[in-house]
Novice: 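Below is one structure. I have some questions about it.
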Number of protein chains: 2
Amino acid sequence: MPGQRSITEAEKLVEAKLGGTPIQHERMAVVANIYRAASAVRQHLENAVLRSSDLSWTAFVVLWVMWIWGESESRHVAEEAGISKGTLTGVVRTLESRGLVKRAEHPSDGRLLLLSLTDEGEQLMRRVFPAFNAEESFVTAGLDDEACRALANGLRQVVLQVEEHGEERRLALLDGAEPAPRRSGRRRRPRPDDQG
Amino acid sequence: MPGQRSITEAEKLVEAKLGGTPIQHERMAVVANIYRAASAVRQHLENAVLRSSDLSWTAFVVLWVMWIWGESESRHVAEEAGISKGTLTGVVRTLESRGLVKRAEHPSDGRLLLLSLTDEGEQLMRRVFPAFNAEESFVTAGLDDEACRALANGLRQVVLQVEEHGEERRLALLDGAEPAPRRSGRRRRPRPDDQG
DNA sequence: GCCCTATACTTTGGACTCGAACGATTTCGG
DNA sequence: CCGAAATCGTTCGAGTCCAAAGTATAGGGC
């Protein structure tokens, strides 16, 4: 695995590239490894567990949220699953067509959509989740329980830092400027009263 | 941040769902937090640093690889960047159209493609990388240097486990069965002499 | 009842993603 | 010297993903 092995070597090359500028190597290594680990874990779980049930990672996460939390409003499902509402719409469409998920109207608010697993979806999760958890154990087999707790705590610190101070940090960096639209995605429609 | 806060609560609900089956909670928390941290970090870096230079995460990683390693064969760039060859083709097309990357033929092997940064690409990385590293420091600000090293090492263990034993594990799990083709992907073109 | 605003889900546009299939090229075996 | 096998980059199909735009519902003021 040349990628992994090259991290420390890469740091030396970065040093050479930016001799003057001080670089935080430990911090760089943490971020690089978080992303590498996430990719490796996701790929392993997709290949070893999910693909045989024809589930994508995202589809599984969505099912998991509904399984654990029971019938939920779709916005909560999206937030828990860490995807946008727009993405959730498509995922739910797929899962509904496969009979794993059902939709229901909210009794008092017609805007809300309630999502829940079908019986078939329940059965699927009862079957798939133990296999999924077994592979979670496999990918962390190089760590003992104590190291697992430490690792999970360290990662929690990172998540907390971003969630508690990230917004404020972005604002400070951009100094009040607009967040610069992303290149992809739907374009803002030109308004007739805009400056031409 | 309901997602983060709910992890331990979710574990209790999982317990209820699978009372009989033993679940490895620490392992589950590690995997969940790896993915959560990766998403949070990526999103912060995209919003705070990359978007203002109109770069996606993947585009930045590809530029970084070429910047650090210099002119490289495209297959190595894909592997270092952790993306497939097919994805790299598209990313390079975008970056080349923006004048950040140039292609060159390999002098002795006509199959190979050599990639390198243009001067403009070099300038971009000299400008963007320090800002990127500053945000790497920000997202890990909740950890001291020692904790950073520990975290990076723990993640390295996970990556190593998957890279060293993942393939073998997948084979054992599927027990010789075909790896189940992914649902999406290019279909075989019908041949005239196939059974019809 | 009507307007206005806020909120929720859906649709849409564009980039990104994997991995199979494909064409071009090199290397191997004879 | 020629065909087979291997390897490279590219194309293609199906799908994911975000965020802007669009549609529908809810609630307040009058």
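These numbers come from the heavy atoms of this one structure, side chains and all, not from hydrogens, waters or symmetry mates. Every chain is numbered from 1 and lettered A, B, ... according to where its sequence line falls, protein lines coming before strand lines. Computed from a predicted model, the values in this text were never measured in an experiment.
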Novice: How long is the line joining NE2 of A:H106 and P of C:dC9, in whole Å?
Specialist: 10 Å
Novice: Indicate whether the side chain of A:R36 and that of A:N33 have a donor and an acceptor atom separated by less than 3.5 Å.
Specialist: no
Novice: Could you check whether A:S108 gets within reach of a base, just the sugar-phosphate, or nothing at all, counting any heavy atom under 4.0 Å?
Specialist: sugar-phosphate
Novice: Atom CG of A:L55 to atom P of D:dG15: distance rounded to whole Å?
Specialist: 13 Å
Novice: For residues 62-73 of chain B, which residue pairs pass the salt bridge (Lys or Arg N to Asp or Glu O under 4.0 Å) check, not counting sequence neighbours?
Specialist: B:E73-B:R75
Novice: Side-chain N or O of B:S56 versus OP1/OP2 of C:dA15: is the shortest distance under 4.0 Å?
Specialist: no
Novice: Could you tell me how far apart B:Y35 (OH) and D:dT16 (C1') are, to the nearest whole angstrom?
Specialist: 10 Å
Novice: Atom CZ of B:R75 and atom P of D:dT10: how far apart are they, to the nearest Å?
Specialist: 13 Å
Novice: Specify the separation, in whole Å, of atom CD of B:E105 and atom C1' of C:dT25.
Specialist: 12 Å
Novice: In terms of side-chain heavy atoms of B:R111, which of D:dC17, C:dT17, D:dT7 is nearest?
Specialist: D:dT7
Novice: Filter on salt bridge (Lys or Arg N to Asp or Glu O under 4.0 Å), then keep only pairs touching residues 83-97 of chain B, sequence neighbours left out; what's left?
Specialist: B:E96-B:R103
Novice: Would one find a side-chain N or O of B:R51 under 4.0 angstrom from OP1 or OP2 of D:dA19?
Specialist: yes
Novice: Could you state the CG-P distance from A:L112 to D:dT23, rounded to the nearest angstrom?
Specialist: 21 Å
Novice: Let me know the distance between CH2 of B:W57 and C1' of C:dT17, rounded to the nearest Å.
Specialist: 16 Å
Novice: C:dC16 phosphate, OP1 or OP2: any side-chain N/O from B:T94 under 4.0 angstrom?
Specialist: yes
Novice: If each of A:E73 and A:Q43 is mapped to the nucleotide of DNA chain C with the nearest heavy atom, which maps nearer the 5' terminus, i.e. the 5' end?
Specialist: A:E73
Novice: Work out which heavy atom in B:G99 is nearest to a heavy atom in B:T118; give both atom names and the distance.
Specialist: O-OG1, 2.6 Å
Novice: Looking at A:E135 and A:H44, what are the two nearest heavy atoms and their distance?
Specialist: OE1-NE2, 2.7 Å
Novice: Using the ring centroid of each side chain, check whether B:F129 and B:W67 are separated by less than 6.0 Å.
Specialist: yes
Novice: Would you list the protein and nucleotides 10-13 of chain C atom pairs, both N or O, that sit under 3.5 Å from each other?
Specialist:
from, atom 1, to, atom 2, distance (Å)
C:dT10, OP1, A:R103, NH1, 2.9
C:dT10, OP1, A:R103, NH2, 3.3
C:dT10, OP2, A:T89, OG1, 3.0
C:dT11, OP2, A:R93, NH1, 3.2
C:dT12, O4', A:R186, NH1, 3.3
C:dG13, N2, A:R186, N, 3.3
C:dG13, N3, A:R186, N, 3.3

Novice: Atom CZ of B:R98 to atom P of C:dA15: distance rounded to whole Å?
Specialist: 11 Å
Novice: Do B:T87 and B:S84 have side-chain N/O donor and acceptor atoms under 3.5 Å apart?
Specialist: yes
